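Computed from a predicted structure; not experimentally measured. Each chain gets a letter, A, B and so on, in the order the sequences are listed, and its residues count up from 1.
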Number of protein chains: 2
Amino acid sequence: MSAKPAFTRAEPDARRLSLIEACARVLARDGVAGVSVRAIALEAGVSPGLVGHYFAGVDALVAETYAHVEAQVSAAIDAALALAGPDPRARLDAYVTASFRPPVASGELLATWIAFWSLVRSRPDIARQHDEQYAFFRARLAGLLGDCGVPQAQLRYAAITLTALIDGLWLELCLSPQAFSAAEAIEIAQAALDTVISKGR
Amino acid sequence: MSAKPAFTRAEPDARRLSLIEACARVLARDGVAGVSVRAIALEAGVSPGLVGHYFAGVDALVAETYAHVEAQVSAAIDAALALAGPDPRARLDAYVTASFRPPVASGELLATWIAFWSLVRSRPDIARQHDEQYAFFRARLAGLLGDCGVPQAQLRYAAITLTALIDGLWLELCLSPQAFSAAEAIEIAQAALDTVISKGR
DNA sequence: TTGCTTGTTGGACGTTCGTACAACAAGTGC
DNA sequence: GCACTTGTTGTACGAACGTCCAACAAGCAA
């Protein structure tokens with residue numbers, strides 16, 4: 001008679017991933033306040049002790065969850081870029097459009113971002129992770145802008161400007177979706193693109 | 001022989017205010033994770049039970065702290081506007097400049113904002129408070145823009161755009177002050193002002 | 001001075017937290 | 001089939017949490 005196994009032994013990487021995904025779900029459902037070792041273990045269908053076996057603490061797990069979710073966001077944007085083809089301006093438009101549609105713009109994602117932001121000020125390692133992430137955001141956008149003819153000397157300002165604008169629109173859109181629509185956010189961001197690109201010519 | 005009083009009885013409004021200020025200090029020092037009834041009471045030099053006597057819970061206290069801190073921010077901006085005199089464009093410049101200098105742009109303030117944001121998704125009353133607050137932000141900016149000649153038909157988009165840009169710059173400036181400087185943020189925001197205003201003419 | 005109102009205290013209570021660890025069992029190599 | 005490694009469990013522990021409330025005392029009215 002074969003009894004059901006008491007647990008299944010997973011590949012370490014797979015188990016880490018399942019815990020990270022469980023953390024993302026808890027953040028999406030209950031926000032920062034709902035995150036705890038036990039809640040995450042319960043969500044992952046795993047005993048509480050296992051969380052400590054893979055992560056130094058909740059903070060570290062949140063930081064890795066942010067990195068994982070951010071990688072998904074980047075993948076979604078890269079997919080949109082690939083779909084847009086080679087035309088530089090079409091690629092920028094695709095970047096903007098993808099930024100304000102699911103899965104990038106969503107209240108569930110916002111919870112992960114906020115949880116991560118709340119750690120930046122007190123944890124130097126997480127501050128560094130944040131800096132690297134946003135430097136990457138700006139660098140990717142600067143590349144797209146350069147392809148559209150924005151001169152090198154203006155790339156830094158242009159990238160900071162558009163990253164901040166998109167970030168601000170994204171944040172307010174996720175926090176209160178009824179203040180303005182995703183379509184309006186796209187329209188606004190593309191108008192800003194027009195200005196930045198035409199100025200550079 | 002007059003012994004030292006065991007406690008001093010305060011005006012209800014004054015006591016509420018001291019608790020709100022203590023909450024703001026705890027948020028600034030320890031972030032969202034450090035906020036608890038006991039920590040706030042200790043910071044205010046008051047017994048833990050008193051917090052429950054004035055506020056329904058930590059969430060309500062955080063919401064009122066946000067409102068209070070936001071009122072200080074608005075007061076700082078209004079003071080900058082008053083100092084700028086009557087010229088519409090000078091007033092807009094003052095608005096932007098004040099937005100990126102202390103006390104508006106500061107990591108301590110950010111902690112209060114993040115704590116508040118973390119409550120928006122799960123608490124409908126706090127979501128409403130947020131919506132009203134940002135509607136006010138946009139309305140004030142729309143007023144200043146209208147004084148600069150931006151036509152009525154474009155006021156809504158212009159206000160959304162500039163609020164989002166300033167918000168995004170402010171957020172990234174507070175999170176990682178070394179990515180770009182306050183002076184650069186001011187320069188960027190004023191360039192955006194130029195564009196929006198000249199487009200309207 | 002006396003009595004009343006009520007802001008305030010401080011601790012009890014049950015819950016939940018993160019951590020640690022001994023025991024267990026799944027999978028692997030031999 | 002056996003021993004070994006180690007991923008996994010489940011619990012115990014102390015600390016910290018929010019809530020509650022009886023007792024206390026400051027300040028006011030009479």
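Using a 4.0 Å heavy-atom cutoff across all strands shown, B:V51 reaches no nucleic acid atom at all. At the heavy-atom level, A:G49 lies under 4.0 Å from base atoms of the strands shown.
Closest approach to the B:R38 side chain among D:dG18, C:dG18, C:dT9 is made by D:dG18 (side chain taken as heavy atoms from C-beta onward). You'll find that the side chain of B:R15 is closest to C:dT8, out of C:dT8, D:dA12, D:dC17. Between D:dT9, D:dG18, C:dG7, one nucleotide has an atom nearer to the side chain of B:H53 than all others, and that is C:dG7.
Side-chain contact check for B:Y157 and A:E187: at least one donor-acceptor pair (N or O, by modelled atom type) lies under 3.5 Å.
A:I40 places its CD1 atom 16 Å from the P atom of D:dT8, with the value rounded to the nearest Å. Following rounding to the nearest Å, A:L61 (CG) and C:dT19 (P) show an atom-to-atom distance of 12 Å. With rounding to whole Å, B:F55 atom CZ is found 12 Å from C:dT8 atom P. Remark: P of C:dC21 and CG of A:L50 are 17 Å apart, rounded to the nearest angstrom. Protein atom CG of B:D59 is 12 Å distant from nucleotide atom C1' of D:dG18, rounded to whole Å. Atom pair A:R16:CZ and D:dT6:P shows a separation of 17 Å (rounding to whole Å applied).
Under a 3.5 Å cut-off, the side chain of B:Q154 and the backbone N or O of B:P151 do not form any donor-acceptor pair. Under a 3.5 Å cut-off, the side chain of A:R16 and the backbone N or O of A:Y54 do form a donor-acceptor pair.
Other residues, nucleotides and ligands place more than 12 heavy atoms under 6.0 Å from the CD atom of B:Q178.
Taking 4.0 angstrom as the limit, B:Y54 places a side-chain polar atom (N or O) nearer than this to OP1 or OP2 of C:dT8. Checking the phosphate oxygens (OP1, OP2) of D:dC17, a side-chain nitrogen or oxygen of B:S36 falls inside 4.0 Å.
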